[in-house]
2 protein chains.
Amino acid sequence: MSLPHALLGLLAEQPASGYDLLKRFESGLAVVWPAQKSQVYGELAKLSEKGLIEVTGTGARQRREYGITEAGRAELRGWLTEPGTDFAFRSAALLRVFFLWTLSREEGVDYLENFARINRERLAALEAVRDNAEWVGDPVQICGWLILEYGLRGSTTSAEWADWAAERLTEHL
Amino acid sequence: MSLPHALLGLLAEQPASGYDLLKRFESGLAVVWPAQKSQVYGELAKLSEKGLIEVTGTGARQRREYGITEAGRAELRGWLTEPGTDFAFRSAALLRVFFLWTLSREEGVDYLENFARINRERLAALEAVRDNAEWVGDPVQICGWLILEYGLRGSTTSAEWADWAAERLTEHL
DNA sequence: AGTTGCATGTAAGGAGTTACATGATTAA
DNA sequence: TTAATCATGTAACTCCTTACATGCAACT
């Protein structure tokens with residue numbers, strides 16, 4: 001159950017509407033946790049029912065702004081500090097690699113080269129984010145910076161691995 | 001839609017029962033794509049209805065063995081070669097990092113140190129797999145080996161990043 | 001006779017995706 | 001007045017998880 005906690009985390013920083021939250025997902029959070037609008041609006045309703053967030057104001061175009069409650073902050077804290085934390089991750093792109101032996105060598109190598117290319121594109125995009133940001137050093141931004149660095153290191157590692165894997169496939173298949 | 005394709009991929013290698021497939025998920029595939037038994041049995045029924053797999057034999061204890069059909073191989077091939085491939089991944093562990101600023105410095109550092117520890121444990125487990133395996137070099141095993149190497153590199157990168165991130169948090173928060 | 005491992009599922013519910021649907025406000 | 005953007009949702013469906021449920025076979 002991560003989406004509700006992601007919303008609580010964003011609202012812990014400042015009040016926001018569903019629309020605002022969706023934009024903040026797209027620019028940043030979506031890299032590690034994508035979310036659809038129907039799901040965000042649905043979760044906001046549930047969180048509100050549970051008293052973890054509350055409507056703090058309304059605006060033009062039936063805008064409804066939510067803020068986190070004390071109960072919400074406690075829930076967020078629990079999620080961040082509980083010991084049995086979920087480290088599972090899923091990647092369809094890696095799953096495919098298990099089955100590359102069913103293709104020809106050329107097709108397999110193509111797949112891995114594409115894998116490398118996608119990761120280099122992502123790396124370039126993240127470098128642009130890093131270079132264009134103004135680093136003021138508030139705690140929120142620092143955590144974003146940590147994730148950004150993870151992205152930089154991770155896409156580099158992935159791209160290099162895919163190059164290596166393409167060579168191994170060429171050699172051994 | 002990855003689970004049905006994962007099953008097709010495993011059956012492309014050799015016929016197997018739901019039980020067999022579950023064991024093969026646990027030892028290997030589950031790292032990139034976890035699956036529950038209820039889901040596997042359910043998917044097998046669906047794939048069979050669609051004609052992508054078929055019952056190839058029965059055994060003791062109502063064992064039912066499935067094999068992939070030609071239509072199934074075509075479907076698998078399509079999934080592996082289609083251009084608009086899904087590179088999204090989800091990680092609750094990284095999502096949490098976005099919100100470490102809501103904790104104290106000590107708690108944040110604890111989280112990252114635990115992150116590093118988990119990755120070093122995983123690394124050790126993968127090294128054991130690598131060192132205990134007999135490498136005969138058939139195509140199926142080579143693809144497994146590529147994934148294993150991804151795991152080794154990825155957990156190393158993740159552990160080193162977490163060390164680095166813990167230092168940054170200590171310095172800047 | 002009892003335990004372990006093999007083998008298959010159902011039921012219920014929550015998480016996530018895709019498509020559809022509506023309406024208000026602002027700027028060109 | 002038209003288009004873009006802001007803003008909120010519902011409906012239908014699939015995917016995934018957890019808990020429950022059953023029974024056979026082999027070994028001790």
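Labels below follow one simple rule: chain letters A, B, ... track the order of the sequence lines, proteins then strands, and each chain is numbered from 1.
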Study note, to complete from the structure: From CG of B/Leu3 across to C1' of C/dA15 the rounded distance in Å is 16 Å

Practice item. Could you tell me whether A/Gln36 contacts a base, only the sugar-phosphate backbone, or nothing, with contacts defined as non-hydrogen atoms closer than 4.0 Å? Key: base

Check your understanding: Taking the side chain from A/Ser91 and the backbone from B/Val32, do they hold a donor-acceptor pair closer than 3.5 Å?
Key -> no

Check your understanding: To the nearest 10 degrees, what angle separates the axes at the start and end of the helix from C/dA1-D/dT28 to C/dA28-D/dT1, five pairs each?
Key -> 10°

Exercise for review: Locate the shortest heavy-atom distance separating B/Thr102 from A/Ala12; write the atom from each residue and the value.
Suggested key: CG2-CB, 4.3 Å

**Study point:** For A/Glu49, side-chain contact (heavy atoms from CB on, under 4.5 Å) partners two or more places apart
**Key:** none

Exercise for review: Please state how far atom CD in B/Gln62 lies from atom P in C/dT10, giving the value in whole angstrom units.
Suggested key: 12 Å

Review point. So, does B/Glu107 use its side chain to make a donor-acceptor pair with the main chain of A/Thr81 at under 3.5 Å?
Key: no

Point to revise | Of A/Pro4 and B/Arg61, the one whose closest DNA chain C nucleotide lies more 5' | key: B/Arg61

Practice item. Indicate yes or no for a side-chain donor-acceptor contact from B/Tyr66 to the backbone of B/Ala45 under 3.5 Å, with no hydrogens or angles considered. Key: no

Review point. Sequence neighbours excluded, which residues qualify as side-chain contact (heavy atoms from CB on, under 4.5 Å) partners of A/Gln14?
Key: A/Arg24

Revision key, fill the gap. Expected list for residues 39-51 of chain A near DNA chain D, using heavy atoms below 4.0 Å, is A/Tyr41

Review point. After noting the C-alpha distance and the side-chain angles of B/Ser155 and B/Arg122, does the key distance pass the side-chain hydrogen bond (donor to acceptor under 3.5 Å, both in side chains) rule?
Key: CA-CA 7 Å; B/Ser155 26; B/Arg122 174 192 288 239; 5.4 Å; no

Exercise for review: Please report, rounded to the nearest Å, how far the P atom of C/dT17 is from the CE atom of B/Met1.
Suggested key: 14 Å

Point to revise | Expected output: side-chain A/Thr69 to main-chain A/Gly51 donor-acceptor under 3.5 Å | key: yes

Exercise for review: Walking along DNA chain D from 5' to 3', note the first and the last nucleotide with an atom under 4.0 Å from a heavy atom of chain A, and give both.
Suggested key: D/dC6 to D/dT17

**Study point:** First encountered from the 5' end of DNA chain D, between A/Arg63 and A/Ser38
**Key:** A/Arg63

**Study point:** Minimum heavy-atom distance A/Tyr111-A/Ala93, with the two atoms named
**Key:** OH-O, 2.7 Å

Review point. How about B/Glu171: does its CD atom have over 12 heavy atoms from other parts shown lying under 6.0 Å from it?
Key: yes

Exercise for review: Specify the residues of residues 14-34 of chain B, ordered by number, for which at least one heavy atom lies under 4.0 angstrom from an atom of DNA chain D.
Suggested key: B/Trp33

Point to revise | Nearest heavy atoms of A/Val40 and A/Ala35, plus distance in Å | key: CG2-CB, 4.0 Å

Exercise for review: Hey, can you tell me if A/Trp161 and B/Tyr150 have their rings parallel, tilted or perpendicular (30° and 60° cut-offs)?
Suggested key: perpendicular

Review point. A/Phe99 vs B/Trp79 aromatic rings, parallel, tilted or perpendicular, using cut-offs 30° and 60°?
Key: tilted

